[in-house]
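Notes follow once the structure below has been shown.
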Amino acid sequence: MNFPELGRHGLHPAQLAKAGVARTLQGVGLFNHLSVLETSWRGPRVALAGHLEFARGTANGLRHERQLREEAMGELERLGIAKFAGSLPSGVPYGIAKKVSIARALMTRPSLLMLDEPASGLDEQELETFTQLIIELKSTMSVLLVEHNMDFVMQLVDQLVVLNFGQVIARGTPGEISHNPDVLDAYLGIDE
């Protein structure tokens, strides 16, 4: 799958969504004044549809909003968090908030989903849940992870690019990376 050099072109979130790219933030970045359900469907998907219809309250806009709410509820159900639909994101556990962020990204129907530090702040049970979720997502889209938890990453990826202070020090499969002397030295302090 070829994606243009999106960052260098200064594209806005709606343009990225139209290009098939969605992302989550390490700090989840949710709308804490909206419910989990509202947070899930607002944003790039509204921009894709044309938010002026929503602002004017046209029949077509209201119908589209209803459809988006139904789709968002479907994503919340898929992620196992539908019972939090009416809650504010600030009132749900951190692992649930991370799933809300993923639900919002999935509402754009991406072909590339970029996840920034999906494992950060999660306990072991949540990590297992996120592992299974990412495996499921990989079956329908490309997933790019930016992550420091190597145990988490190694079971999920086909290819890795390892950075040390912004410089690429290794590229390869999990097996190749786990034995790479530069990676071992940089991250484990082991000279081979």
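The first residue in the sequence is number 1, and the count goes up from there. All values below were derived from every heavy atom in this structure, side-chain atoms included, with hydrogens, water molecules and symmetry-related copies excluded.
Heavy-atom minimum distance, Leu106 versus Met141: CD2-CE, 3.6 Å. The two residues Pro110 and Ala22 come nearest to each other via the heavy atoms CB-CB, 3.7 Å. Nearest heavy-atom pair, Phe84 versus Pro93, reported as atom, atom and distance to 0.1 Å: CE2-CD, 4.3 Å. Closest heavy-atom contact between Ser40 and Met107: O-CG, 3.1 Å. The two atoms that bring Val146 and Pro118 nearest to each other are O-CD, 3.8 Å, heavy atoms only. Scanning all heavy atoms of the two residues, the minimum distance from Tyr94 to Gly121 falls at CD2-O, 3.8 Å.
Atom-to-atom distance recorded for Ser120:OG and Lys98:NZ is 3.0 Å, nearest 0.5 angstrom. Atom OG1 of Thr129 sits about 11.0 Å away from atom CD1 of Ile134, to the nearest 0.5 Å. One distance of note links OG of Ser101 with CZ of Arg23; it measures 8.5 Å at 0.5 Å rounding. Distance check, rounded to the nearest 0.5 Å: CD of Gln159 to CG of Leu144 gives 12.0 Å. Ile169 CD1 to Asp185 CG: the interatomic distance, rounded to the nearest 0.5 Å, is 8.0 Å. One distance of note links CD of Gln155 with CD1 of Ile135; it measures 6.5 Å at 0.5 Å rounding.
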Query raised in the report: So Leu156 and Leu145, side chain to side chain contact (heavy atoms under 4.5 Å, CB included) or not? Walk me through it.
Result: CA-CA 9 Å; Leu156 290 172; Leu145 300 171; 4.1 Å; yes
Report task. In sequence, state the C-alpha distance, the side-chain angles, and the governing distance for Trp41 and Met73, and then conclude on side chain to side chain contact (heavy atoms under 4.5 Å, CB included). Result -> CA-CA 9 Å; Trp41 67 265; Met73 195 62 182; over 6 Å; no
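Taking the side chain as every heavy atom from C-beta outward, Leu160 and Met154 approach each other to under 4.5 Å. In this structure, the side chains of Arg42 and Arg104 stay at 4.5 Å or more apart for every pair of heavy atoms. Contact check for Phe130 versus Ile102: side-chain heavy atoms found under the 4.5 Å cut-off. You'll find the side chain of Leu88 stays beyond 4.5 Å of the side chain of Asn32, heavy atoms only.
A salt bridge does not link Glu70 to Arg66: none of the charged nitrogens lies less than 4.0 Å from a carboxylate oxygen. Look at Glu136 and Arg78 and you find a salt bridge, because one of the NZ, NE, NH1 or NH2 atoms lies within 4.0 Å of a carboxylate O, short of that distance.
A side chain to side chain contact (heavy atoms under 4.5 Å, CB included) with Pro89 is found for one member of Thr39, Leu34, Ile96 and no other, namely Thr39.
The environment of Lys138 atom NZ is dense: over 12 non-hydrogen atoms of other residues, nucleotides or ligands sit within 6.0 angstrom. The number of heavy-atom neighbours closer than 6.0 Å to CD of Gln167, taken from other residues, nucleotides and ligands shown, is 12 or below.
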